[in-house]
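First the proteins, then the strands, lettered A, B, ... as listed; each starts at 1. Just so it is clear, the values below take in all heavy atoms, side chains as well, and ignore hydrogens, waters and symmetry mates.
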Amino acid sequence: MITFVRAFKGEWLKTRHSLAGWLVLCGSLFTPLAIIVARLVHHRRLEPIYSAEDFWPHLWQDAWQSMAIFFLPLFAIMVTSLITQIEHRNNAWKQVHTLPLGLGAIFVSKLGVIMLLIVQFFVLFNLGIWLSAIIPYQLTAAVPYPQGAIPFGDFLRDNARYFVDCLPIIAVQYLLGLRFRNFLVPLGVGFLMWIGALAALPWKFGYLIPYTYSMLDYLKHDPGKAFIPTIDTHLFALGYAVAFIMAAYVLFRAMKERG
Amino acid sequence: MYCLEAFELFHRYSNHDVVLDGINMRVPEGSIYGFLGPNGAGKTTTLRLLLGLLRCQQGSISIFGRGFERHRIEILEHVGSMIESPSSYDHLDATENLAILQRVYRCPKQRIAEVLAQVGLAATQRKKVRQFSLGMKQRLGIAMALLHRPKLLILDEPTNGLDANGMVEIRQLLVRLSREDGITILLSSHLLAEIEKLVTHVGVIGRGRMVYEGTLADLRQQQQPSMSLSVRTSNDRRALEVLSGLGVLATTVADGLALPMMPDGHVANLNRHLLQAGIDVYAIGTRGYDLESIYLDMVGSAA
Ligand SMILES: Nc1ncnc2c1ncn2[C@@H]1O[C@H](COP(=O)(O)OP(=O)(O)OP(=O)(O)O)[C@@H](O)[C@H]1O
Ligand SMILES: [Mg+2]
């Protein structure tokens, strides 16, 4: 545990000045920003929206559309590739493997950094949604303060679900990123899987593809665009995540040449 | 007492070429051990094995008197290394690179400034490693190896890419570390001349086998019997006749005559006879079987 903390501190420092921060910022705030701009442009039509009782659930649902289909899966693909690529690109695996750290600590600390970036992404996105409600209210005189209370419980539960949904993507990408020096491999496979997932949405076994879960989670409010299975896809997501993380660790241990 | 012992190391890469074929290596505590060999001899492969970067296929390694496989983490706490190119992160500056290691080794923060000063990088400020020259990266690599005050330092061609000044600086630094802190240093090189002034012990590897291992002094001793005199004249054929008349066994070589070693008086006498015979003498000298040629002989004979 103590070695994990040491390893994690080191790993976190490596993300400084890297693209990771920008990815988090852009990926999480793009949609809220777009909403803000759209609302300011159409500020005359805002009054009924802000007076509505279900203002918050509506906003939440709007914001998650692009997120669930597009930003979240792609962010998971890119950020995982980025973190694993840091070592390959700098020829630094040999440095990492001569540190007094067990393989487990190295593996888990890197994964931990990715998880923390994902959490940051969620937090910023939630904050962004709140801002996308508040900023138009502040800037336009005629709009009233949003009616209705913020349903924190529902939001928290949705966050947790989407978080679980993206875990299998991270697990597969982590395996590929550790394994392949060339960053085009994890990125390429990731994009293809994402496109495949989109294409497979109407298929009744689409839920077997580990990249589909955030999309299915969103589209269950919008049936017709996807085949929504009756079973709980979150269990599938968790199962895939555990399986691929274990596979990644086994492959990581089995490497004959370390850097 | 040996700081590092390797016994019968054997290695083949996945393409089935046998690269190391029974390497034995013993690095005494407190020594500066020069690991010499031409390109492709297997130096880097050996050092990678010693650090656990390659899986040990056959043979055994012990460092600080403990088996490497079983005590890997405890051993690595006290080993600093740089293998081939330095492994620094491009998007960070020198201090940040060292800060990563400082977190992992839990050494005091002021060590960062200390090692940067030691390798002459104190003035790089916030410059990113991306903007470093090759020599600066190499220096940073050495600083990274030194940060946690290791007891054993393993450096693969540490002066690669350094200018003449930098080489001297790094050499002085290594000697100082060895003398003042008692650090054991194992460094590889393909040039004997480069490390001759630095090392106490040498191991010579050629085509995956250790062809010599011992102190530098012993290696020098070996050259004594094989020393000879070299003489260059205006007419080597006539000179050969004169010399054989004096009872001196001389042979013609590429650049003149080779004679056995003899006392100074005899040399002067011989010179006088040559001049009296009307032969001009251009040069008399000792044909130094220098370390370089000994080394080349050894590496050649391993073929
Ligand atoms: N990853 C690898 N896969 C296959 N063969 C390799 C690999 N790395 C090195 N070799 C081979 O192993 C042999 C020894 O290489 P090594 O890098 O140990 O030499 P070296 O003594 O360090 O040489 P140099 O002075 O050029 O650094 C070479 O013939 C090389 O082709
Ligand atoms: Mg080498």
Measuring from B/Leu76:CG to A/His97:NE2, what's the distance to the nearest 0.5 Å? 11.5 Å
Side chain, backbone, both or neither: which part of A/Ile2 has a non-hydrogen atom closer than 4.5 Å to chain B? side chain
What part of B/Met144 gets within 4.5 angstrom of chain A, counting heavy atoms only: side chain, backbone, both, or neither? side chain
Locate the shortest heavy-atom distance separating B/Tyr89 from A/Val96; write the atom from each residue and the value. OH-CG2, 3.7 Å
Let's test your reading of the structure: which of B/His148, B/Glu74, B/His78, B/Lys128 forms the most heavy-atom pairs below 4.5 Å with chain A? B/Lys128
Heavy-atom distance under 4.5 Å to chain A: side chain of B/Tyr13, backbone, both or neither? side chain
Per-residue tally against chain B (heavy atom, under 4.5 Å) across A/Lys9, A/Arg6, A/Glu87, A/Lys256 peaks at A/Arg6
Ignoring hydrogens, what is the shortest heavy-atom contact between A/Ala92 and B/Ser87? Give both atom names and the distance. CA-CB, 3.6 Å
Heavy atoms of other groups near A/Phe163 CZ, more than 12 under 6.0 Å: yes
How long is the straight-line distance from CD1 of B/Ile73 back to OG1 of A/Thr3, given to the nearest 0.5 Å? 6.5 Å
Report yes if some heavy atom in the side chain of B/Leu92 is under 4.5 Å from a heavy atom in the side chain of A/His17; otherwise report no. yes
Grab the two heavy atoms, one from A/Asn90 and one from B/Asp90, that are nearest each other, plus how far apart they are. OD1-N, 3.1 Å
Side-chain contact, heavy-atom cut-off 4.5 Å: A/Leu19 with B/His91? no
Are more than 12 heavy atoms, taken from residues, nucleotides or ligands other than A/Phe183, located less than 6.0 Å from that residue's CZ atom? no
What pair of heavy atoms forms the shortest contact from B/Ser85 to A/Lys94, and how long is it? O-NZ, 3.0 Å
Within 6.0 angstrom of A/Trp60 CH2, more than 12 heavy atoms from elsewhere: yes
Do A/Arg258 and B/Arg55 have side chains that get closer than 4.5 Å, going by heavy atoms? yes
Where is the tightest heavy-atom contact between B/Val104 and A/Pro100, given as atom of each residue plus distance? CG1-CD, 4.5 Å
With a 4.5 Å cut-off on heavy-atom pairs, point out which of B/Ala145, B/Ser81, B/Gly141, B/Ser88 contacts chain A the most. B/Ser88
Measure the spacing between CG of A/Leu13 and CG of B/Leu101 and express it to the nearest 0.5 Å. 10.0 Å
Side chain, backbone, both or neither: which part of A/Val5 has a heavy atom under 4.5 Å from chain B? neither
